[in-house]
Amino acid sequence: MKVLANFVQKNGARLDLSLPSERSFTYNKGVNKKQKTIFHMDGDAFFVAVEVAKNPKLRGLPVVTGEEKGIVSALSYEAKALGVHRGMPIFQLKKQFPQVIITPGDYASYARYSTKMFDIVRRYVDDVEEYSIDECFADLTGLDKPLKMSYREIAERIKKEIIEELDLSVSIGIASTKVLAKVASKWKKPNGLTIIEPENIPDFLLNTSIEKVWGIGRQTTEFLRQRGIRNAHDFISKDIEWIRDTLAEPYEVIWHELRGLSLKEIDPRPKTKYSSMQRTRSFHPATNDRVFLLSQLSKHIEDACAKARHYELSTRKFSFFLKTRNFEYFTYSLSLSSPTNAPEIFISLVQRYFDEVYRKGVMYRTTGVNLFELASTSVSQFDLFGDGDRAHKFEQIHKQIDSLEDKYGKKVVYLASTHHARNRGVKGTEVDDLDRDILFL
DNA sequence: TCTGGGGTCCTAGGACCC
DNA sequence: TCTGGGGTCCTAGGACCC
């Protein structure tokens, strides 16, 4: 039995394994004064819904997206009703459910619809936190007066406008905290609107199993279940001291939020900056081909660096990893003397240290790279003494290539070390590709 | 020399999310 | 359910310092 690392230090002798004896919970009235009204909205089967909005002939049919990934990444309610589930391999889907319509993901469209959907919310409230492509939070506190509508009416208007203008349906939850608003929006799906009033918190939580709570995942669910905590109400019935002594700090925040005390702020700042970027790819069958694996890593670095340059971000820190057929990770982390976003620098390091993680007899299923601690590329960060000079030259070259590619379309130019990965499985195209592409390094 | 008590900074890796 | 890809945040513990 694996114990969650976060718990290791604290779950010594003093565990209380008993069930909470009292199942009644009284809402803390002191909190009422600063009662907030938090709104959470969640797109219903969003990716697939956009496919249907683009092509209404698909309405009412079992549809999934994710063809290019090889697994079902989103599915319509009709597909779900058949027994299709997220993560199901496409080949298996085809065999088992030949009637299901499979589409490739069209992320540009999803992003467009997402923006439009959030803009409708912004007609009513200025500060909207775009939590993911199909989910947002907003603080509606006090808006009922100036808008001369109840909170329910505001939510109904938003739903109506999204359906009429975008042909999409959403589910909305309203409660006094973000965690509760998430519980509410999940309560009825699709096309739901659920409001949790403070006095109804216990009822909702008694019917919310612990793993459904935002922030409580598989490991913590298992840990809590062993201690008799099955639903969210069991969780909030524990003393705060018990939570503090047994779990890590984020769970204390969840405990308060579930009781109605708002601690998680709405953060409306646009997420244009990334603090890390990663690129990974799995393949099957698993392989031990050293050249192939290196070439995959090269491609990942090239792609991640292209994105980093697009956002004008650089870093000194990066890592690469191989994942074995048995899902074991072997990671190698590196620090440079100065930040860069030139792939040549990272690739030469991967080539140098690859054998620190690679083993001859082992079969690998995934490769990946991670750039982290990304920061704005600053003009004045020349490193005249170290590797920075070399990196700087490459950065200049890439700047030129990037602007060329913007003009003439994507990926005309790529690194020679990536060639193998980009042409895998396409037979008889090698010569053509060499003709068309400019290779360097 | 077999031995402190503390602070800070960094890293690796885990858990979680969609 | 034999498991894709892209993120964020947290924390224990080591390194280093006085």
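Throughout, a chain's letter reflects where its sequence line sits, starting with A, and its residues are numbered from 1.
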Distance test, side-chain N/O of [X] to OP1/OP2 of [N], below 4.0 Å:
X: A:Gln278; N: C:dG7; result: no
X: A:Ser132; N: C:dG7; result: no
X: A:Ser275; N: C:dT8; result: yes
X: A:Arg218; N: B:dC16; result: no

Exercise for the section: Under 3.5 Å for both distances, Watson-Crick or G-U wobble, that's the pair rule; now give the dot-bracket for DNA chain B, with | marking pairs to another strand and [ ] for crossing ones. Expected result: ....||||||||||||||
Exercise for the section: Could you tell me if the ring centre of A:Tyr311 sits under 6.0 Å from that of A:Tyr274? Expected result: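 So the answer is yes for these two rings.
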Protein-nucleotide distance ([X], atom [atom1]; [N], atom [atom2]), rounded to Å:
X: A:Asp134; N: B:dC18; atom1: CG; atom2: P; answer: 9 Å
X: A:Lys307; N: C:dG6; atom1: NZ; atom2: P; answer: 8 Å
X: A:Glu130; N: C:dT8; atom1: CD; atom2: C1'; answer: 17 Å
X: A:Glu135; N: B:dC18; atom1: CD; atom2: P; answer: 5 Å

Exercise for the section: Please work out which residues in residues 318-335 of chain A have a non-hydrogen atom less than 4.0 Å from an atom of DNA chain C and list them by number. Expected result: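 Within residues 318-335 of chain A, the residues near DNA chain C are A:Phe327.
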Handout entry: Among A:Asp289, A:Asn288, A:Leu294, side chain to side chain contact (heavy atoms under 4.5 Å, CB included) partner for A:Phe292
Key =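 Per the side chain to side chain contact (heavy atoms under 4.5 Å, CB included) rule, the option paired with A:Phe292 is A:Asp289, out of A:Asp289, A:Asn288, A:Leu294.
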Exercise for the section: Flag the pair A:Arg230 / A:Ile210 as yes when at least one side-chain heavy-atom distance between them is below 4.5 Å, and no otherwise. Expected result: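 Side chain of A:Arg230 against side chain of A:Ile210, heavy atoms only: no contact under 4.5 Å found.
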Practice task
Please work out if A:Gly87 contacts a base, only the sugar-phosphate, or nothing of the nucleic acid, heavy-atom cut-off 4.0 Å.
Solution key: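 Touches nothing.
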Problem - Heavy-atom closest contact (A:Ser114 atom, A:Phe46 atom, distance) - result: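 Answer, listing the atom of A:Ser114 first, then A:Phe46: N-CZ, 3.9 Å.
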